[in-house]
Amino acid sequence: MEENYFLIDCGEGTQVELRRQKIKFSRIDNIFISHLHGDHWFGLAGLISSFHLLSRTKDLHIYSPPGLKDAIISQLRLGQTHLSYFIHFHELEGKEPKVILENAKLIVKSVPLNHRIETYGFLFEEKKKLRKLNAPLLRERGVEVCDFRMLQLGNDVQSIDGKLIKNSEVTFDPPEPLKYAYCSDTAYYEPLVDWLAGVDVLYHESTFLEQNRDLATKTFHSTAKDAATIASKAKVNYLILGHFSSRYRNRDVYKEEAKRYFQNIEISEAGKIFSFENK
Ligand SMILES: [Zn+2]
């Protein structure tokens, strides 16, 4: 969302991948860790150290289930590292979605998931955008620049010669705000249907296929069918599948299974960029 970068989970290879993608570290101010299984945070201490080596001074915010702060602090203490910047650790909790971050453009909520240990997904909701101005018409009708803000907010204004300018005549509807949800790791979890209803893009883990339903159940992971069922019931626009097991011959098998239950499916892979925008 424009100048904000949000990092969700930070496995061992994250820093290498961020460098490969030429992501500016300085633009990451918020890191969201879904849970404390190693593949979701073992890269964090390294990234925190790199921020320090790059002489970061801006505060960093880390959101995670309880326990991460102690782990990171003891890693830093062992190396006698005194960071050049401050870290705010925000502990997630609750059995319902909760607002954990809000700025001028968006709201981020934690969303409880159903995994072997305490785990949260994250829901990013853009705020309503300003109305778009019909600039040539505004000039023609004699509207002053100082009134543009009022028009963007949806109000009527007066022209220089005192005529009423109706908002609907000189502005366009803004694009619908986008919603993105990230859910990893989790077993099939029915409350997500309501909590994620109507999101534009859902990333949902699909570690297994139905042929390994027993493993999915045992490890509290989802199958491609589970992910697609949530997507279908929640009426999302797009589903991105990820967190794949290496036991299957390729990733198309996930798409094949999921397609029986939901149409708009994408397969995630390292370095792949998905762009979504509302008109
Ligand atoms: Zn896990």
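Read the numbers this way: they start at 1 and go in the same order the structure lists the ligands and their atoms.
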Inset, instruction - Could you list the residues that satisfy side chain to side chain donor-acceptor pair (under 3.5 Å) with Q21, not counting sequence neighbours? - result: E17
Inset, instruction - Only counting residues at least two apart or in another chain, list the ones meeting side chain to side chain donor-acceptor pair (under 3.5 Å) with S159. - result: D161
Legend entry - For L209 against A224, the heavy-atom pair lying closest together: CD2-CB, 4.2 Å
Legend entry - side-chain contact (heavy atoms from CB on, under 4.5 Å) involving D194 - partner list, sequence neighbours excluded: none
Inset, instruction - Please tell me if the side chains of F124 and E126 come closer than 4.5 Å, counting only heavy atoms from C-beta onward. - result: no
Legend entry - 2.8 Å cut-off (strict), protein N, O or S atoms about the Zn ion (ligand 1): 4
Legend entry - R56 to F51, cation-pi by 6.0 Å centre distance and 45° axis angle: yes
